[in-house]
Amino acid sequence: YSDEIRTITGYEPDEIDPGVWDRMVRDETLVGELAGLSEDEAILRVRSGEIKAWKCDYMILTRDGRIRWIADTSIELFGEQRTSYGSVGIMQDITDRKRIEASLRQREAVLKAITFAAESFLKSSNWRTSIDVALERLGKALDVTHAYLFEHHRDTNGVEVSSLRYEWTAPGFASELDNPLFQNSHLLREGEDSTDDTLRRGEVFVGNMSTFPDVEKDRLAELGVKAMVEVPIFVNDLWWGTIGIDDFVNERDWSSAEVDALWVAA
């Protein structure tokens with residue numbers, strides 16, 4: 001079925017030789033009776049007839065650069081003296097299923113991080129002793145590069161400013177705590193639809209480089225932010241600060257679970 005093969009991989013059937021297939025495959029997971037075996041051992045057992053079917057999920061990179069998952073199920077063909085001479089099987093696109101499974105795993109991790117943060121804040125007499133660990137748990141669960149907390153205060157002239165007080169950064173990314181842009185000089189912006197304008201209204205600021213409002217696109221691009229979520233923290237009806245996450249690697253669309261996690265933490 002050349003149309004189906006072309007739809008899934010972007011390649012014509014006669015283009016997919018062993019070399020092309022090896023370049024396409026980015027990950028593989030043996031399933032069923034083969035789960036837990038090495039690839040060499042799995043091949044040996046299937047070709048000997050000890051295990052009846054080859055079952056493996058492959059993550060592939062399509063010709064146009066998309067990630068897709070394919071389930072491969074096949075059985076060996078045996079000739080005289082039980083010698084394997086080939087196989088026949090089917091491949092099925094299971095990308096949607098894998099995305100749902102990944103979403104469910106992330107939601108579970110997010111719920112655990114939320115629970116941990118809530119318990120830490122409620123059990124501690126001073127939330128500041130727990131905030132670093134809570135940000136780390138949230139950052140890892142949400143698979144972001146940066147989780148942080150800004151706190152509002154007045155400068156020597158009595159002007160309200162916002163400073164980065166606490167953060168967690170993913171391995172390989174530099175801390176922003178010493179960045180002068182975020183320490184005692186980060187003036188609250190008044191521009192319509194800016195992050196501060198949105199947060200001041202008690203709303204979440206969420207988006208990526210494709211959806212950021214024009215007033216913020218250049219600033220966030222200069223900072224290297226490809227996607228961001230920020231939630232305001234109010235104390236006694238006053239905007240006290242902001243908790244946020246950002247991604248410097250992927251221009252991602254944020255799920256409701258990810259946004260809800262920050263709301264609960266806030």
Side-chain angles (χ1 to χ4, degrees), residues 113-114 117-118 120-139 142 144-170 173-248 252 254 256 258-266:
I114 292 173
S120 297
F121 294 148
L122 291 172
K123 289 179 180 179
S124 175
S125 59
N126 184 354
W127 63 267
R128 295 181 189 274
T129 64
S130 306
I131 184 63
D132 285 333
V133 178
L135 288 176
E136 179 181 1
R137 291 287 291 266
L138 285 169
L142 297 171
V144 296
T145 55
H146 195 205
Y148 51 88
L149 178 71
F150 280 90
E151 185 176 348
H152 295 182
H153 58 96
R154 299 281 176 178
D155 64 13
T156 55
N157 297 317
V159 177
E160 186 178 14
V161 293
S162 179
S163 294
L164 178 63
R165 298 299 196 202
Y166 304 94
E167 70 168 1
W168 168 84
T169 55
F173 291 87
S175 168
E176 297 284 1
L177 284 174
D178 294 328
N179 188 334
L181 288 175
F182 304 133
Q183 290 300 327
N184 304 314
S185 60
H186 185 50
L187 297 179
L188 303 183
R189 292 174 298 282
E190 299 289 345
E192 186 176 356
D193 293 329
S194 68
T195 54
D196 291 336
D197 181 56
T198 301
L199 298 170
R200 189 181 291 107
R201 297 195 303 265
E203 301 171 4
V204 60
F205 182 90
V206 56
N208 55 44
M209 286 306 301
S210 297
T211 62
F212 287 147
D214 291 340
V215 69
E216 289 286 16
K217 276 189 175 181
D218 290 344
R219 181 181 72 88
L220 294 176
E222 289 177 5
L223 294 173
V225 176
K226 294 188 176 181
M228 184 173 71
V229 181
E230 290 192 333
V231 176
I233 300 172
F234 282 83
V235 178
N236 296 328
D237 295 327
L238 295 177
W239 184 20
W240 176 93
T242 301
I243 187 170
I245 53 175
D246 52 38
D247 197 321
F248 280 55
R252 60 198 281 178
W254 300 99
S256 59
E258 292 166 331
V259 176
D260 289 346
L262 275 195
W263 273 117
V264 173

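Being a predicted model, the structure only gives us computed values, none of them experimental.
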Exercise. Work out which heavy atom in R137 is nearest to a heavy atom in A113; give both atom names and the distance.
Key: O-CB, 3.8 Å

Quiz prompt | Side chain E160, main chain H152, donor-acceptor under 3.5 Å | solution = no

Exercise. Find the distance between CG (D247) and CH2 (W254) and round it off to the nearest 0.5 Å.
Key: 5.5 Å

Quiz item: Sub-3.5 Å donor-acceptor pair from the side chain of N157 to the main-chain atoms of V159, do we have one?
Solution: no

Quiz item: For the atom pair OG (S130) and OH (Y166), what is the distance rounded to the nearest 0.5 Å?
Solution: 10.5 Å

Quiz item: Do the side chain of N208 and the main chain of R252 share a donor and acceptor less than 3.5 angstrom apart?
Solution: yes

Quiz prompt | Side chains of Q183 and R165 in contact at under 4.5 Å (non-hydrogen atoms) | solution = yes

Quiz item: Does atom CG of N126 have more than 12 heavy-atom neighbours from other groups under 6.0 Å away?
Solution: yes

Quiz item: Taking side chain as C-beta onward, heavy atoms only, is E258 less than 4.5 Å from V144?
Solution: no

Exercise. Indicate yes or no for a side-chain donor-acceptor contact from T145 to the backbone of F248 under 3.5 Å, with no hydrogens or angles considered.
Key: yes

Practice problem: Return yes if some donor-acceptor pair links the side-chain N/O of N236 with the main-chain N/O of L238 below 3.5 Å, else return no. | Solution: no

Self-check item: L135 and I243: CA distance, side-chain angles, deciding distance, side chain to side chain contact (heavy atoms under 4.5 Å, CB included) verdict
Solution: CA-CA 9 Å; L135 288 176; I243 187 170; 4.1 Å; yes

Exercise. List the steps, then state whether side chain to side chain contact (heavy atoms under 4.5 Å, CB included) holds for L223 with F182.
Key: CA-CA 11 Å; L223 294 173; F182 304 133; 3.9 Å; yes

Quiz item: Run the side chain to side chain contact (heavy atoms under 4.5 Å, CB included) check on I245 and L262 step by step: do they pass?
Solution: CA-CA 8 Å; I245 53 175; L262 275 195; 3.8 Å; yes

Practice problem: State the CH2-CG distance between W168 and D132, to the nearest 0.5 angstrom. | Solution: 12.5 Å

Quiz item: Looking at H146, E176, E136, which one forms a side-chain contact (heavy atoms from CB on, under 4.5 Å) with T169?
Solution: H146

Exercise. Give a yes or no answer on whether the side chain of E151 reaches the backbone of W240 with a donor-acceptor pair at less than 3.5 Å.
Key: no

Quiz item: Can you tell me how far NZ of K226 sits from OG of S210, rounded to the nearest 0.5 angstrom?
Solution: 11.0 Å

Exercise. Work out which heavy atom in Y148 is nearest to a heavy atom in E230; give both atom names and the distance.
Key: OH-OE2, 2.7 Å

Quiz item: With a 4.0 Å cut-off, would you call R219 and E216 a salt bridge?
Solution: yes

Quiz item: Within a strict 4.5 Å, meaning less than it, do heavy atoms of the F205 and T242 side chains meet?
Solution: no

Quiz item: If you look at every heavy atom in F150 and S162, which pair is closest and at what distance?
Solution: CB-OG, 3.4 Å

Quiz item: CG of L220 to CE of M228: how many Å apart, nearest 0.5 Å?
Solution: 4.5 Å

Quiz item: Roughly how far apart are L149 CG and I131 CD1, rounded to 0.5 Å?
Solution: 5.0 Å

Self-check item: Heavy-atom pair of closest approach, residues A266 and P232
Solution: CB-O, 3.9 Å

Quiz item: Is the side chain of W239 donor-acceptor paired with the backbone N or O of G241 at a distance under 3.5 Å, no angle test?
Solution: yes

